[in-house]
Amino acid sequence: MANLLLIESPGKSKKLSQILGPGWIVKASMGHVRELANDGDDALGFDLLDDRVQCRYEPRETGGRKVLAELRQAVKQAEAVYIATDPDREGETIGWHLQQELRLKNPRRVVYSEITPQAVKAAIAHPRALDQALIAAGRARDCLDKLVGYKGSKHVVWRLNIGAKSMGRVQSATLHLLCTREKEIQAFKPQDYWSVWVEYQEGFKAFYRAKLKTSSTPTIELTDDATEGKESQESDRVTSQAEADRLVAIARSTPHQVVTVEGKISHQSPPPPFITSTLQQAAGAKLRFSPDRTMKVAQSLYEAGTITYMRTDSVMLAESFCTSVRDYLEQFDPTNVPTQTTRHRTAKGAQEAHEAIRPTDVNRLTVQMSEDAAKLYELIWNRSIASQCCPARLRKTRVVTRSGSVQWEARGQVVEFPGYTRYWNNLSADTQLPVLQQGQSLTLKQADANQKQTQPPPRYTEPKLVQLMERQGIGRPSTYAPTIKTLKEREYVGVDKGKLQPTALGMELDRSLEKLLPELIQPEFTAQMEAALDAIAQGKQDWQVYLTSWHRTYFAPALEKAGQILRSNGAQVVNSNESRSPDSTKPKSQATMTKTACPKCGEAMSKIPSKSKKLKANHFLKCGAVGCGAVMFWNPNGKRYELPYAQRVPNPEAFTDVPCPVCGALLERYAYTKEGKEKVMLRCSLMENRRGKCQEVAFFEGREGFWSPKFGTLRLESLVK
């Protein structure tokens, strides 16, 4: 019998099959095979019981059952089963779901960060058990995100009646960052100022300094990847035209001479190799890739075996890779070989078991793939090589001149040895000053002042937002790109000239959440939750105790308080005109009243536009009555609006007197349409069981009664009609 290797993505199958050879079967789970059910309280799919969490899982709608059926057949034919899902918490959790669904007693967990023969075979040779702490962290994240998303959306967001569809633990905190910046921009009042400068016949330009720094060591001015080579020089700000004219007059009327000349050799260390966030930032700045596009291209490179795993927050590099880079440099760039292997410090809380993102083979300079893949690979290759090179050596020069009582300063920089910048240049352009002597007289060529205006803080680009999320501790490497994508899909954020700008809908939702759930949208609060998940992953915290305690002590009271505000004041108070900026406009997605009565309270329901792919129509109905908030969705088969399954009132006339063969509850009649024909089936009347242990209870109408592929035939005379 063959060995079975279970992976997530089918894109890896061919490469892994080639590596493992005959005697192996490689099967993909297509990502997550099951998820929390949409049943129970607020369709959470789990119950919070004292200090326990009782979860109910079901196969994913998009082919989950079919995939599991195929995997079960493969397991029957396998001698041993190896789980090789991705090397992170999410991958560990998917492995656990596979173990549960396929009823694997002792699956062998293998982990590799690159799809190469050496790495894969080494992992197969040293399997381990599934890591229960990582699984606990993954399950906790799933429950926490659904708890916040479902309860917060239903009990707060939907009741606002502004057209907003959802909120989320990471999503809403990220939106708050964007809206906070937008408020700063709206409140900003520009001020005029002047930059005063002189230019000398000796061939350099100097800027007015009101007060000179006492340090004799010029600071190294590294530019950001997004603004590389765009160094801006200005004088100290002069706040009036009169003062600027006075300084220019002094410069033009009094002689100039050199006061001090300072110079020093400085060394700039190479940057660390890429982690997920820095890869997204660099790809955005240099290639204009969105975070989502970057991760898709990186995924293709990983599956092709050309780079290591792309979801990581560690800058650690394998010793073997460092050695191979050193060998490469000794052959092609010998002056760039450092005396010792360069080590980079990983940020606190990073998962040291992971490597940074790097090529799997340093001698592979290019890849034969799509244009995007080739560009991203080159970026990764250059950064990885640069991280192991010598520091750059720079000669920094600072010259201070004086005219009368006014001092002027010029700075220069010359790269004397490029070092790592041959592969990754993040230095500003050279500015070379002439050779000058202390006390030397200078000939003024020109003196003038440029009137300028203070600028508002800039909006964030997607890469900059990723950087901010990482610094604030919001989310983790796997969540940056999907969070930004969700904000755009929900129409909370738009993109204008490459910058993220909250829409009127996004601003209005953030204003509401700031009053109703103020703690939840604060970055520090979200970061604390991420720290708790990290503690769970390290085995320091029980995930069920944490989740139940968090809900009991914070979230449930917070929702109750928000509900009281909504019940007493109504949504119009939360979104009053006082809280809006003068420039804000109504959201694009507007609710319109319908003649459909709410099945719960009888009030007229509103039609809410929606682009959700899960809906059968481009809208849903929502009751705007205070304290109700019922929603209904369109059923194209029955040509009617219906409440969510978990909220529907059972129809007594649909019950039979036949017990369910699994749980004993009565079977109910259920009408449906198939191939244009109206049909009837019998199923368990308990919703929570239909999605769980009774999901295979289905009796179809036939000539002699109702029959089931699993439970046989029921006679018509035994049913109450």
- Query: Which salt bridge (charged side-chain N to carboxylate O under 4.0 Å, His left out) pairs, counting each pair once, include a residue from residues 553-564, with sequence neighbours left out?
  - Reply: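 Qualifying pairs, neighbours excluded: Glu560-Arg567.
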
With salt bridge (charged side-chain N to carboxylate O under 4.0 Å, His left out) as the rule and sequence neighbours excluded, what pairs involving residues 43-54 come up?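 Residue pairs passing salt bridge (charged side-chain N to carboxylate O under 4.0 Å, His left out), neighbours aside: Asp47-Arg56.
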
Classify the ring geometry of Phe555 against Trp550: parallel below 30°, tilted from 30° to 60°, perpendicular beyond 60°.
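Ring orientation of Phe555 relative to Trp550: parallel.
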
Tyr57: ring pair (Phe, Tyr, Trp, His ring centres under 6.0 Å) partners, not counting sequence neighbours: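 By the ring pair (Phe, Tyr, Trp, His ring centres under 6.0 Å) rule, Tyr57 matches Trp96, His97.
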
Is the shortest side-chain heavy-atom distance between [X] and [Y] below 4.5 Å?
X      : Y      : value
Val170 : Met469 : yes
Ile565 : Lys515 : no
Leu682 : Arg669 : yes
Arg65  : Gln695 : yes
Leu36  : Leu44  : no
Leu102 : Val81  : no
Asp510 : Ile521 : yes
Leu643 : Pro599 : yes

Are the charged groups of [X] and [Y] less than 4.0 angstrom apart, N to O?
X      : Y      : answer
Glu58  : Arg690 : no
Lys183 : Glu514 : yes
Glu530 : Arg141 : yes
Asp41  : Lys154 : no

Atom pair [atom1] ([X]) and [atom2] ([Y]), whose distance is rounded to the nearest 0.5 Å:
X      : Y      : atom1 : atom2 : result
His551 : Leu144 : NE2   : CG    : 10.5 Å
Leu500 : Leu487 : CG    : CG    : 8.5 Å
Asp292 : Thr483 : CG    : OG1   : 11.0 Å
Tyr492 : Leu509 : OH    : CG    : 5.0 Å
Glu35  : Cys55  : CD    : SG    : 13.0 Å
Leu516 : Arg511 : CG    : CZ    : 13.0 Å

* All side chain to side chain donor-acceptor pair (under 3.5 Å) counterparts of Asp142, not counting sequence neighbours ->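 Not a single residue meets the side chain to side chain donor-acceptor pair (under 3.5 Å) criterion with Asp142.
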
- Task: Sequence neighbours left out, what passes side chain to side chain donor-acceptor pair (under 3.5 Å) with Glu462? Give chain and number order.
- Result: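 By the side chain to side chain donor-acceptor pair (under 3.5 Å) rule, Glu462 matches Lys488.
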
Is the backbone of [Y] close enough, under 3.5 Å, to the side chain of [X] for a donor and an acceptor to pair up by distance?
X      : Y      : answer
Asp88  : Gly91  : yes
Thr594 : Met605 : yes
Glu8   : Asp86  : yes
Ser172 : Arg169 : no
Thr294 : Gln280 : no

Please tell me whether Gln528 and Glu524 have a donor and an acceptor in their side chains that are separated by less than 3.5 angstrom.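 Short answer, no.
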
Side chains of Ser9 and Glu303: do they bring a donor and an acceptor to under 3.5 Å?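 Present: a donor and an acceptor within the cut-off.
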
Quick check: closest heavy atoms across Leu178 and Tyr460, and the distance to 0.1 Å?
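Looks like CD2-CD1, 3.8 Å.
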
For side chain to side chain contact (heavy atoms under 4.5 Å, CB included), just list the numbers for Asp534 and Arg89, CA-CA rounded to whole Å, side-chain angles, deciding distance to a tenth of an Å, and then say yes or no.
CA-CA 10 Å; Asp534 289 343; Arg89 293 179 200 171; 2.3 Å; yes

Handout entry: Verdict with reasoning, Lys146 to Asp42, per salt bridge (Lys or Arg N to Asp or Glu O under 4.0 Å)
Key = CA-CA 10 Å; Lys146 196 167 186 183; Asp42 292 328; over 6 Å; no

| said: For Lys151, is the NZ atom crowded, meaning more than 12 foreign heavy atoms sit under 6.0 Å from it? | reply: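 For Lys151, atom NZ is crowded (more than 12 foreign heavy atoms under 6.0 Å).
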
Q.
Does atom CE (Met30) have a neighbourhood of more than 12 heavy atoms from anything else shown, all under 6.0 Å?
A.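 No, CE of Met30 has 12 or fewer neighbouring heavy atoms, counting only those of other groups under 6.0 Å.
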
Let me see the working for Glu92 and Leu130 under side chain to side chain contact (heavy atoms under 4.5 Å, CB included), right down to the final yes or no.
CA-CA 7 Å; Glu92 203 76 16; Leu130 285 165; 3.7 Å; yes

key: With sequence neighbours excluded, residues passing salt bridge (Lys or Arg N to Asp or Glu O under 4.0 Å) with Glu101   =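 Result, salt bridge (Lys or Arg N to Asp or Glu O under 4.0 Å) vs Glu101: Arg34, Arg72.
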
Q.
With side chain to side chain contact (heavy atoms under 4.5 Å, CB included) as the criterion, how do His32 and Ile94 come out once you've worked through the C-alpha distance, each side chain's angles and the decisive distance to 0.1 Å?
A. CA-CA 6 Å; His32 288 271; Ile94 292 173; 3.6 Å; yes

Practice task
Determine, step by step, whether Ser708 and Val697 satisfy the side chain to side chain contact (heavy atoms under 4.5 Å, CB included) criterion, reporting the C-alpha distance in whole Å, the side-chain angles of both residues, the deciding distance to 0.1 Å, and the verdict.
Solution key: CA-CA 8 Å; Ser708 166; Val697 177; over 6 Å; no

